[in-house]
Amino acid sequence: MSTDDKNRAVAAAILPLVGGAGNITSVAHCMTRLRLGLRDRSLVRDEELKALPAVMGVVEDDTYQIVLGPGTVARVTPEFEALVAEAQAAPPATPSADDLAAQGAAIRAARKARNQTPFKLFLRRIANIFVPLIPALIGCGIIAGLNGLLINLDWLPAVTPALAAIASGFMALIAVFVGFNTAKEFGGTPILGGAVAAIIVFPGVAKVDAFGQTLSPGQGGVLGALGAAVLAVYVEKWCRRWVPESLDVLVTPTLTVLVSGLVTIFGLMFVAGEVSNAIGEFADWLLVHAGAGAGFVLGGLFLPLVMLGLHQALIPIHTTLIEQQGYTVLLPILAMAGAGQVGAAMAVYLKLPRNGSIRRTIKSALPAGFLGVGEPLIYGVSLPLGRPFVTACVGGAFGGGFVGLFSMLGTKVGSTAIGPSGWALFPLLDGDKGLGRTIAIYAGGLLTGYLAGFVATYFWGFGARLLEEFDVDTDAGPETVVAASAGTTPPPSPAPKPDPEPKPAKL
């Protein structure tokens, strides 16, 4: 499907869910939202609309606003306007082809929405909570790494305390941001979620005893903040339902913070703290006792997890490890999946010397692949070919096993932030045996992933049938391509006509 067809399909899927063309009075868009004027708000099918894959959410204001994201909204809006204009101009008694296409697109979108399991929808919510925090994690992580380098070199001693404060400030209050985003995602008042989560990092909790022990600021971390904010949302919704409207502005926020705050102090902080400690201890135990095997499995399975959306379950674990230890030991291992993908793509480039289309795709996508952005190579090269996707996973497994092996030998390799991988992860690396050794091990893992992915793909990534089908000259005429894919000899090209004898130039 071309880009224009895809944008038109999105517009066609949205139109019947907002009441059809007859319900539209105005169409406009801003940076991220399609803004619609509606005649009858009750005709909008909100839940089906939110379930469309292209829709990130809806907002009600003076117009009905559908969040599609930057770039997408600018392309979908003209298609939507065209569909509305065509439908409004058509005779009302006879459905147009566009109306039927819109109905079909809506049915397909609804069917796809039904295939979204509750578990995957829950993971998407978790991602919506933590993904907005990634830019701050990256920025503070790089500053922390720079500060560590300056301290080790004994450079600019007057500046390093300031850099330490800049790098650590966000992490000291990350629970507040998690609480804010959680309440927002689950339909509560964001500031109330942040207020309840702030209890976890408040120094005064050190004076409170719970479960026979004194609490410590930050106990429970992001998991405690997540649970506290979810609880606050449910308390708030209960209050909105039962508290008289005249008292709502005073009673609801008070009860929300009080009830969920007490439960957080005398329950959630202790429980979430135990869970967080267990996660850190298990990660350390796993890499110390089974590092090579665990790295092999994690590196090999990460690409399929990304495709299924299950990798989002790891985001709170990464964040918990960063909060506890200063870095996550899992991300450098998982980043090896991208290295296997790059190696596989380079092998495909060599195995298909006649397919100009795939080779151009690889050349344009490889720079992003080296920087850890693997989607262009996955969806443009290895996944459509089939077996090269499997061999790319093999490369990731060997790279992950390499990094995991050194964990067994006593050297941890971690990342101070989540998000980047590939070469882009170098500025965020940290470990327990010095930056030089950490960088060397991570670089060795990348090289291992490149090499293993290349070798596995070059020797086992193509069968004879796959080569026969894809190793054709896509830049040649259609007769040549069809003949090559059919295993026949293309018809001979007509002999070129001889150039006419040049005439003497006139003086």
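We use all heavy atoms of the structure for the numbers below, so side chains are in, but hydrogens, waters and symmetry mates are not.
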With a 3.5 Å distance limit and no angle check, can you tell me whether [X] reaches the backbone of [Y] through a side-chain donor-acceptor pair?
X    : Y    : value
T160 : P157 : yes
T448 : G444 : yes
N147 : I143 : no
D430 : S415 : no
S168 : A165 : no
K50  : V55  : no
E274 : V271 : no

Once you round to the nearest 0.5 Å, how far does [atom1] of [X] lie from [atom2] of [Y]?
X    : Y    : atom1 : atom2 : answer
Q312 : L123 : CD    : CG    : 6.0 Å
E468 : F462 : CD    : CZ    : 14.0 Å
K363 : I358 : NZ    : CD1   : 13.5 Å
D432 : R437 : CG    : CZ    : 8.5 Å
L298 : L286 : CG    : CG    : 7.0 Å
M171 : L133 : CE    : CG    : 9.5 Å

Item to check | Residues that L371 engages under side chain to side chain contact (heavy atoms under 4.5 Å, CB included), provided they are two or more places apart | outcome: W423
Checklist outcome for this item: Residue set satisfying side chain to side chain donor-acceptor pair (under 3.5 Å) with S421, at least two apart, ordered chain then number -> none
Item to check | With sequence neighbours excluded, residues passing side chain to side chain donor-acceptor pair (under 3.5 Å) with E323 | outcome: none
Determine whether the aromatic ring centres of residues [Y] and [X] are separated by less than 6.0 angstrom.
X    : Y    : result
F170 : F177 : yes
Y349 : Y458 : no
F398 : F402 : no

For [range], pull every pair meeting salt bridge (Lys or Arg N to Asp or Glu O under 4.0 Å), keeping only residues two or more places apart or in separate chains.
range            : value
residues 383-402 : none
residues 183-200 : R125-E185
residues 284-313 : D284-K412

Which heavy atom in [X] sits nearest to a heavy atom in [Y], and how many Å separate them?
X    : Y    : value
A82  : R8   : CB-NH1, 4.4 Å
I138 : L428 : O-CD2, 3.7 Å
A232 : V196 : CB-CG2, 4.0 Å
I14  : I66  : CG2-CD1, 3.7 Å
I129 : V178 : CG2-O, 4.0 Å
Y327 : G414 : CD1-CA, 3.7 Å

State, yes or no, whether a side-chain contact exists between [X] and [Y] at a heavy-atom distance under 4.5 Å.
X    : Y    : answer
F296 : V394 : no
Q65  : V58  : no
I126 : L226 : yes
L330 : I317 : yes
P78  : R75  : no
I333 : L287 : yes
F202 : P217 : no
I200 : T264 : yes

Item to check | Verdict with reasoning, T77 to H29, per side chain to side chain donor-acceptor pair (under 3.5 Å) | outcome: CA-CA 7 Å; T77 300; H29 76 88; 4.6 Å; no
Checklist entry - Step by step, would you call V306 with I378 a side chain to side chain contact (heavy atoms under 4.5 Å, CB included)? => result CA-CA 11 Å; V306 170; I378 294 174; 5.5 Å; no
Next on the checklist: Against L163, only a single residue in L156, I151, L150 fulfils side-chain contact (heavy atoms from CB on, under 4.5 Å); can you say which?
Outcome noted: L150
Next on the checklist: Run M408 and V288 through side chain to side chain contact (heavy atoms under 4.5 Å, CB included) and show every step you take.
Outcome noted: CA-CA 4 Å; M408 292 180 65; V288 169; over 6 Å; no
Item to check | Audit row: F454, V342, side chain to side chain contact (heavy atoms under 4.5 Å, CB included) steps and yes/no | outcome: CA-CA 8 Å; F454 179 89; V342 168; over 6 Å; no
Item to check | Derivation of the side chain to side chain contact (heavy atoms under 4.5 Å, CB included) call for L34 and V27 | outcome: CA-CA 7 Å; L34 174 63; V27 180; 3.9 Å; yes
Next on the checklist: I'd like to know whether S276 forms a side chain to side chain donor-acceptor pair (under 3.5 Å) with Q324, so could you lay out the CA-CA distance, the side-chain angles of the two residues, the decisive distance to 0.1 Å, and finally the verdict.
Outcome noted: CA-CA 8 Å; S276 298; Q324 284 182 346; 4.6 Å; no
